[in-house]
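The structure presented is a predicted model; accordingly, all values stated were derived computationally and were not measured. Start at 1 with the first residue, then count along the sequence.
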Amino acid sequence: MVRLIFMVVALLMLIGAVIGGLYFWGIDPLAKLGITAPMMNKEPAAPPPPPPPSYVDFGLLIVPVIQDREVKKQAEMIVRLEVDPKNKEIVAKNLPRLQNAYLAEMITYLGNTVKEGQPLDIPAIRRRLTISAEKTLGGVYVKDVAIENPNLK
């Protein structure tokens, strides 16, 4: 009787070792026999967080406000361009073109819209600069324009 118990235990250990070895080598012997483990209550994984925004520092944008054929005021603002990380180098290489386009756009826009005693319309300036970047670069390379410290002197 004792021999029979030892033989059964040895056989079970041998079967366990074979199954464990097959799992180790990447073979699922239970799946090949049609035996699968029941699915646990797995909730779908949360989507990965979006990558942090990548910025290209444009620098200080100084725009003369020309009204009635003379410089009435001066607008100053620090501009940062939000871009995809893969487009960062393209935008950085084209900064001189963007500076020219932004200056031309803002001279025209601010000359027509700036009124005495009113602050700058930052959302409108952001939209115009974003559209100007799309026209200048020939595609959507700039996601958004961040304007810091707008000042009208």
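The list of ring-ring contact (aromatic ring centres under 6.0 Å, His included) pairs with a residue in residues 70-90, not counting sequence neighbours, is empty. Within the structure, side chain to side chain donor-acceptor pair (under 3.5 Å) pairs that include any residue of residues 136-145 comprise Asp84-Lys143, Arg126-Asp144 (at least two apart or interchain). Listed by first then second residue, pairs satisfying side chain to side chain donor-acceptor pair (under 3.5 Å) with a partner in residues 51-69 read Asp57-Arg80, not counting sequence neighbours. Residue pairs meeting the ring-ring contact (aromatic ring centres under 6.0 Å, His included) criterion with at least one member in residues 71-97: none, sequence neighbours excluded. Annotation: ring-ring contact (aromatic ring centres under 6.0 Å, His included) contacts involving residues 94-117, sequence neighbours excluded, comprise Phe58-Tyr102.
With sequence neighbours excluded, the residues that form a side-chain contact (heavy atoms from CB on, under 4.5 Å) with Ile78 are Leu60, Glu148, Asn149. Judged as a side-chain contact (heavy atoms from CB on, under 4.5 Å), and not counting sequence neighbours, the contacts of Val2 are Phe6. By the side chain to side chain donor-acceptor pair (under 3.5 Å) test, Asn94 is found to be paired with Arg97, residues two or more places apart in sequence or in another chain being considered. For Ile15, the side-chain contact (heavy atoms from CB on, under 4.5 Å) partners at least two apart in sequence or on another chain are Leu11, Ile19. Every residue meeting the salt bridge (Lys or Arg N to Asp or Glu O under 4.0 Å) condition with Glu89, not counting sequence neighbours, appears here in chain and number order: Lys93. Residues passing the salt bridge (Lys or Arg N to Asp or Glu O under 4.0 Å) test with Glu76 are Lys153, sequence neighbours excluded.
Through side-chain heavy atoms spaced under 4.5 Å, either directly or across other Ile, Leu, Val, Met, Phe, Trp or Tyr residues, Ile5 is tied to Val9, Met13.
Within 6.0 Å of CD on Gln118 lie more than 12 heavy atoms contributed by other residues, nucleotides or ligands.
Taking every heavy atom of both residues into account, Met77 and Pro150 meet most closely at CB-CA, 4.2 Å. Across all non-hydrogen atoms, the minimal contact from Val142 to Thr130 is O-CG2, 4.0 Å. Here the closest heavy-atom approach between residue Val56 and residue Ala92 is recorded as CG1-CA, 4.4 Å.
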